[in-house]
Amino acid sequence: MLIPFQQLLDLPATLESGQAFRWKRLDDSSSGGDGWYEGVIFNNVVRLRHDAEGIEFRCGPDEESAMAPLVADYLRLSDDLDAIYRSINVDEKIGSAIDRFRGLRLIRQEPWECLVSFICSANSNIRRISTNVEDISKSFGRPIALDGRERHAFPSPQELAEAGEGPLRELGLGFRAKYVAPVARMVADGEVDLFALREASYNDALEALIALPGVGDKVANCVMLFSLEKMEAFPVDVWVDRALRDWYLDRLNANGADASGKVTKKGMRPWAQGYFEAYAGYANQYLFHDRRLQGRATTS
DNA sequence: AGCCAGGCCCTCC
DNA sequence: GGAGGGCCTGGC
């Protein structure tokens, strides 16, 4: 099925920029063509390809006609990128990052999977996070298939709560298992309503997320940005930290420093949110992607 | 071999 | 309140 779409979109950058962890680029032999990505969203195996006419996709077990609006929503196709660029393009640094990755979109993930994924991200790396999320799905999620290729749905909070910490450790989550297990229990019991946080203010959502074990400011901002509609969220990880210090140190020293005059992660986020304003999260993703591809060698 | 990877939490000061 | 160390594990 085709979702007609003629506007800016860089699908590979969008799916491979570390926002979500279950997308795989398929090779020719298994997909019968170039440019296909396969992931699992909304309890479906979904394959996507972008061409001049729009987004071609297939899915199972649900009907393509039912999945089409969810895919469009997931890819944030209604975001007006040109308007967002006008909003965040406040200097030549971020401008150059925008030029390099025009069409990179934030995605609107399912909050529960997003939360678990970023709890798993602590002191880890993208490849390992991907392995963790895939292993969690294989062990505790329902099998689903498309054209004979089997994947697994991401398990529900109940399913993960029943699994408990021990089996999660056995999957190689390490110390993150002791956070994922209780958070699953809390979400399953309704102590936190993740979808309700979409309607909450940024500050209320942040407070609710940080109350969860294994969730600090960085993880909470990732969850808010990638799944809870908080476009002003601004997660400061090591890459964004490096990018900001490299490009904005003078401004940070003037406005993002703490009482003792030092620039800290804690001070960087509010500064950046004030500097890039309503769509700071988009600026964040471009800074992150730019710096991550650039690698560590050039930082000093 | 030792260090680091897209942090968080706890302890001490 | 904030600086410092520990934490699972895999990869270089």
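In the text below, chain A, chain B and the rest are named by the order of the sequence lines, each starting its count at 1.
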A.B. asks: Taking only side-chain nitrogens and oxygens of A/R169, does any of them come within less than 4.0 Å of OP1 or OP2 of C/dC8?
C.D. replies: yes
A.B. asks: Please name all residues satisfying side-chain hydrogen bond (donor to acceptor under 3.5 Å, both in side chains) with A/R127, sequence neighbours left out, ordered by chain then number.
C.D. replies: none
A.B. asks: State, without any angle test, whether A/S87 and A/E277 hold a side-chain donor-acceptor pair at a distance under 3.5 Å.
C.D. replies: no
A.B. asks: Tell me the interatomic distance from A/R176, atom CZ, to B/dC9, atom P, rounded to whole angstroms.
C.D. replies: 13 Å
A.B. asks: Under a 3.5 Å cutoff on both atom distances, Watson-Crick or G-U, what's the dot-bracket for DNA chain C ([ ] crossing, | other strand)?
C.D. replies: |||||||.||||
A.B. asks: Distance-only criterion, 3.5 Å: show the donor-acceptor pairs between side-chain atoms of residues 154-161 of chain A and protein atoms not counting sequence neighbours.
C.D. replies:
{"from": "A/S156", "atom 1": "OG", "to": "A/Q158", "atom 2": "N", "distance (Å)": "3.4"}
{"from": "A/S156", "atom 1": "OG", "to": "A/Q158", "atom 2": "OE1", "distance (Å)": "3.3"}
{"from": "A/S156", "atom 1": "OG", "to": "A/E159", "atom 2": "N", "distance (Å)": "3.1"}
{"from": "A/S156", "atom 1": "OG", "to": "A/E159", "atom 2": "OE1", "distance (Å)": "3.4"}
{"from": "A/E159", "atom 1": "OE1", "to": "A/S156", "atom 2": "N", "distance (Å)": "2.8"}

A.B. asks: Please determine if A/E134 and A/R151 form a salt bridge, counting it only when a charged side-chain N lies under 4.0 Å from a carboxylate O.
C.D. replies: yes
A.B. asks: Using a 3.5 Å distance criterion without hydrogens, assess whether the side chain of A/N253 forms a donor-acceptor pair with backbone atoms of A/L249.
C.D. replies: yes
A.B. asks: Scan residues 58-67 of chain A for pairs that pass side chain to side chain donor-acceptor pair (under 3.5 Å), counting only residues two or more places apart or in two chains.
C.D. replies: A/R58-A/D147
A.B. asks: Where along residues 201-214 of chain A does a heavy atom fall under 4.0 Å from DNA chain B?
C.D. replies: A/L212, A/P213, A/G214
A.B. asks: For the pair A/R25 and A/E38, evaluate salt bridge (Lys or Arg N to Asp or Glu O under 4.0 Å) and give the outcome as yes or no after the intermediate values.
C.D. replies: CA-CA 6 Å; A/R25 191 207 309 259; A/E38 182 187 274; over 6 Å; no
A.B. asks: What is the distance, rounded to the nearest whole Å, between atom CZ of A/R291 and atom P of B/dG6?
C.D. replies: 14 Å
A.B. asks: Output the single nucleotide from C/dG2, B/dG6, B/dG7 whose closest atom is nearest the side chain of A/F175.
C.D. replies: B/dG7
A.B. asks: Roughly how many Å is it from CG in A/L115 to P in B/dC8, rounded to a whole number?
C.D. replies: 12 Å
A.B. asks: Quick one: do the A/Y202 and A/N221 side chains pair a donor with an acceptor below 3.5 Å?
C.D. replies: yes
A.B. asks: Just the rounded figure in Å: distance from P of B/dC8 to CG of A/D241.
C.D. replies: 13 Å
A.B. asks: Can I get a per-line list of side-chain donor-acceptor pairs under 3.5 Å for residues 164-177 of chain A, giving both atom names and the distance, sequence neighbours left out?
C.D. replies:
{"from": "A/E165", "atom 1": "OE2", "to": "A/R169", "atom 2": "NE", "distance (Å)": "3.0"}
{"from": "A/R176", "atom 1": "NE", "to": "A/C120", "atom 2": "O", "distance (Å)": "3.3"}
{"from": "A/R176", "atom 1": "NE", "to": "A/A122", "atom 2": "O", "distance (Å)": "2.8"}
{"from": "A/R176", "atom 1": "NH1", "to": "A/L173", "atom 2": "O", "distance (Å)": "2.7"}
{"from": "A/R176", "atom 1": "NH2", "to": "A/A122", "atom 2": "O", "distance (Å)": "3.0"}
{"from": "A/R176", "atom 1": "NH2", "to": "A/N123", "atom 2": "O", "distance (Å)": "3.2"}

A.B. asks: Just to be sure I understand the rule, does A/V240 reach a base, reach only the sugar-phosphate, or reach nothing, if contact means heavy atoms closer than 4.0 Å?
C.D. replies: nothing
A.B. asks: Identify the pairs formed between an N or O of the protein and an N or O of nucleotides 11-13 of chain B at a distance under 3.5 Å, and give each distance.
C.D. replies:
none

A.B. asks: Name the nucleic acid region contacted by A/G216, choosing base, sugar-phosphate or nothing; use a 4.0 angstrom heavy-atom cut-off, strictly under.
C.D. replies: sugar-phosphate
A.B. asks: Roughly how far, to the nearest 0.5 Å, is the CG atom of A/L228 from the SG atom of A/C114?
C.D. replies: 7.0 Å
A.B. asks: Suppose you measure atom P in C/dC8 against the same atom in B/dT11; what distance do you get, rounded to whole Å?
C.D. replies: 15 Å
A.B. asks: Does any N or O donor sit under 3.5 Å from an N or O acceptor when you compare the side chain of A/K266 with the base of C/dG2?
C.D. replies: no
A.B. asks: If the condition is side-chain hydrogen bond (donor to acceptor under 3.5 Å, both in side chains), which residues does A/R102 pass it with, not counting sequence neighbours?
C.D. replies: A/D82
A.B. asks: I need the CG-C1' distance between A/D237 and B/dA5, as an integer number of Å.
C.D. replies: 11 Å
A.B. asks: Give me the distance, rounded to whole Å, that separates B/dC3 from C/dG5 when you measure between the P atoms they each carry.
C.D. replies: 13 Å
A.B. asks: Tell me the interatomic distance from A/F288, atom CZ, to B/dG6, atom C1', rounded to whole angstroms.
C.D. replies: 5 Å
A.B. asks: At a heavy-atom distance below 4.0 Å, what parts of residues 121-131 of chain A sit against DNA chain B?
C.D. replies: A/S121, A/A122, A/N123, A/S124, A/N125, A/I126
A.B. asks: Applying side-chain contact (heavy atoms from CB on, under 4.5 Å), can you list everything that pairs with A/P4, at least two apart in sequence or on another chain?
C.D. replies: none
A.B. asks: Hydrophobic cluster mates of A/V46, side-chain heavy atoms under 4.5 angstrom, ILVMFWY only, any path?
C.D. replies: A/M1, A/I3, A/F5, A/L9, A/L11, A/L15, A/W23, A/Y37, A/I41, A/F42, A/L48, A/I55, A/F57, A/M67, A/L70, A/V71, A/Y74, A/L75, A/L77, A/I107
A.B. asks: Tell me the interatomic distance from A/I119, atom CD1, to B/dA5, atom C1', rounded to whole angstroms.
C.D. replies: 18 Å
A.B. asks: Between C/dG4 and B/dC4, how far apart are the P atoms? Round to whole Å, please.
C.D. replies: 15 Å
A.B. asks: For a ring pair (Phe, Tyr, Trp, His ring centres under 6.0 Å) check, start with the C-alpha distance between A/F101 and A/F288, then their side-chain angles and the critical distance, and finish with the verdict.
C.D. replies: CA-CA 11 Å; A/F101 306 115; A/F288 171 78; over 10 Å; no
A.B. asks: Start with the C-alpha gap between A/Y275 and A/N255, add the side-chain angles, then the distance that decides, and say whether side-chain hydrogen bond (donor to acceptor under 3.5 Å, both in side chains) holds.
C.D. replies: CA-CA 10 Å; A/Y275 185 67; A/N255 302 299; over 6 Å; no
A.B. asks: Which one of A/Y286, A/Y282, A/Y279 satisfies the ring pair (Phe, Tyr, Trp, His ring centres under 6.0 Å) criterion with A/Y85?
C.D. replies: A/Y286
A.B. asks: Indicate yes or no for a side-chain donor-acceptor contact from A/R100 to the backbone of A/G95 under 3.5 Å, with no hydrogens or angles considered.
C.D. replies: no
A.B. asks: Could you tell me how far apart A/D290 (CG) and B/dG6 (P) are, to the nearest whole angstrom?
C.D. replies: 16 Å
A.B. asks: Tabulated below should be each protein N or O lying under 3.5 Å from an N or O of nucleotides 3-6 of chain C; please produce it.
C.D. replies:
none

A.B. asks: Within the pair A/K178 and B/dC9, is there a side-chain N or O less than 4.0 Å away from OP1 or OP2?
C.D. replies: no
